[in-house]
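Just so you know, these numbers come straight off a predicted model, no measurement behind them. A, B, ... follow the sequence lines: proteins, then strands. Residue 1 opens every chain.
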Amino acid sequence: MEVPILKQGDYLIASIQAALSDADLLRLRDDLAQRVGRFRSRGVIVDVTVLDVMDSFAVRTLRNIGQILKMRGAETVIVGIQPEVAFAMVQLGLTLTDVWTALDLEESISFLDRLMKAGRTQGE
Amino acid sequence: MNDIAISISSDQDIVIARQRGRELAAKLGFSSTEQIAIATAISELSRNIVEYAKRGEVILSLTPSQGNGRGSLQITARDRGPGIPDVALAMRDGYSTSRSLGLGLPGTRRLMDEFEIVSKPGKGTTVTIRKWI
Ligand SMILES: Nc1ncnc2c1ncn2[C@@H]1O[C@H](COP(=O)(O)OP(=O)(O)OP(=O)(O)O)[C@@H](O)[C@H]1O
Ligand SMILES: [Mg+2]
């Protein structure tokens with residue numbers, strides 16, 4: 001199951017459509033690392049709304065994506081973690097470091113906009 | 001209900017096993033929070049099979065009520081892989097021989113109502129977990 005990645009201005013949006021195998025998750029990581037360079041993206045949004053399981057492998061890979069993209073000059077936002085999924089993640093003991101989180105797509109875009117603006121004024 | 005056995009040898013099988021588990025949990029009337037806890041636990045145990053034993057199986061079954069008046073959904077994950085030399089150590093948060101997070105086993109115990117693990121080096125590992133209906 002390939003994850004479609006859309007370019008929207010300075011950002012990339014990866015919308016997961018169905019359950020992902022470990023191999024699918026690793027491919028998503030590699031695709032994002034490549035495209036961030038190709039499109040000079042500053043932010044990447046990964047929409048996980050449809051995922052009903054975020055286990056240790058998924059979380060480890062998402063954290064990994066956050067670390068890699070940071071080195072490629074982009075921030076990562078995970079959106080759409082369902083409440084029941086969050087509950088299971090907490091019980092497992094998983095924490096989502098190296099990425100930002102937002103409730104939905106709209107919120108993640110305005111969050112990235114603010115982050116980019118703050119980054120620019122800081123740099124001046 | 002007949003037991004459902006799912007053989008596990010690839011990352012695709014992990015997805016199939018947890019989906020079957022969630023479907024069955026839904027049919028048994030578990031809440032969506034419980035269904036997801038069950039699916040997540042199956043995912044962790046199946047991945048350990050693929051990662052450490054290469055192949056094995058996951059069996060979904062129903063156990064009759066035992067004293068407490070409640071039956072349970074039981075999941076058995078078993079393999080004939082290398083086994084675990086020190087089970088107590090493997091059950092600790094953060095202990096991993098594959099430089100992973102070391103949360104699969106202890107986290108699965110927290111997600112479920114009952115958890116048993118039997119492992120013999122050179123013989124294999126069987127993990128049995130239950131969620132009360
Ligand atoms: N089926 C198994 N056969 C052999 N060894 C196992 C098996 N399951 C677990 N282990 C051993 O127990 C350790 C702890 O397992 P656990 O699932 O808690 O963590 P992990 O797999 O290392 O990391 P994570 O699950 O967080 O990605 C493993 O590193 C491995 O050494
Ligand atoms: Mg594990």
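Heavy-atom pairs under 4.5 Å with chain A peak, among B:Pro106, B:Ser100, B:Ser31, at B:Ser100.
If you measure heavy-atom distances from A:Leu20 to chain B, the contacts under 4.5 Å come from the backbone alone. For B:Gln19, the part lying near chain A is the side chain, with the backbone staying farther off; criterion is any non-hydrogen pair under 4.5 Å. In this structure, chain B has a heavy atom under 4.5 Å from the side chain of A:Phe87, while its backbone stays farther away. Heavy-atom distances place the side chain of B:Arg22, and not its backbone, under 4.5 Å from chain A.
Around the CD atom of B:Glu116, the shell of radius 6.0 Å holds more than 12 heavy atoms that belong to other residues, nucleotides or ligands. By the neighbour-count criterion of 12 heavy atoms within 6.0 Å, atom CG of B:Asp3 is densely surrounded, having more than that number from other residues, nucleotides or ligands. No more than 12 heavy-atom neighbours from other residues, nucleotides or ligands sit within 6.0 angstrom of NZ on B:Lys27. Counting heavy-atom neighbours within 6.0 Å of A:Arg27 CZ, excluding the residue itself, gives a total above 12. For A:Leu103, the CG atom is loosely surrounded, since the number of other residues' heavy atoms within 6.0 Å does not exceed 12.
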For B:Leu103 and A:Met89, what are the C-alpha separation, side-chain angles and deciding distance, and is it a side-chain contact (heavy atoms from CB on, under 4.5 Å)?
-> CA-CA 10 Å; B:Leu103 291 172; A:Met89 288 168 68; over 6 Å; no
Kindly determine whether A:Asp55 and B:Arg18 satisfy side-chain contact (heavy atoms from CB on, under 4.5 Å), including the steps that lead there.
-> CA-CA 11 Å; A:Asp55 62 3; B:Arg18 71 188 185 212; 3.9 Å; yes
Criterion side-chain contact (heavy atoms from CB on, under 4.5 Å) on A:Arg60 and B:Leu101, from CA distance to verdict | CA-CA 8 Å; A:Arg60 196 150 53 92; B:Leu101 302 173; 3.8 Å; yes
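Here OG1 of B:Thr40 is found 10.0 Å from CE of A:Met54. Values are rounded to the nearest 0.5 Å. Rounding to the nearest 0.5 angstrom, the gap separating the CG atom in B:Leu105 from the OG atom in A:Ser56 is 10.0 Å. Rounded to the nearest 0.5 angstrom, A:Gln91 CD and B:Arg109 CZ are separated by 13.5 Å. Taking CG from B:Asp11 and CZ from A:Phe57, the interatomic distance works out to 8.0 Å, rounded to the nearest 0.5 Å.
With hydrophobic clusters built from ILVMFWY side chains whose heavy atoms lie under 4.5 angstrom apart, B:Ile75 does not share a cluster with B:Trp132. B:Ile49 is not connected to B:Tyr52 by any chain of hydrophobic side-chain contacts under 4.5 Å among Ile, Leu, Val, Met, Phe, Trp and Tyr, and they are in different clusters. A:Leu51 and A:Val99 fall within a single hydrophobic cluster, where Ile, Leu, Val, Met, Phe, Trp and Tyr are joined by side-chain heavy atoms under 4.5 Å apart, directly or via other members. Side-chain heavy atoms closer than 4.5 Å link hydrophobic residues (I, L, V, M, F, W, Y) into clusters, and following such links, possibly through other members, connects A:Leu25 to A:Leu69. Cluster annotation: B:Leu62 is connected to B:Ile6 through the hydrophobic network of ILVMFWY side chains, with a link wherever side-chain heavy atoms come within less than 4.5 Å.
Residues A:Asp22 and B:Arg47 are paired through a salt bridge, judged by an N-O separation under 4.0 Å between the basic side chain and the carboxylate.
For the residue pair A:Glu84 / B:Thr33, no side-chain donor-acceptor distance below 3.5 Å is found, with atom types taken as modelled.
Contact check for B:Arg110 versus A:Leu92: no side-chain heavy atoms found under the 4.5 Å cut-off.
For the residue pair A:Ala19 and B:Val15, the shortest heavy atom distance occurs at CB-CG1, 4.0 Å.
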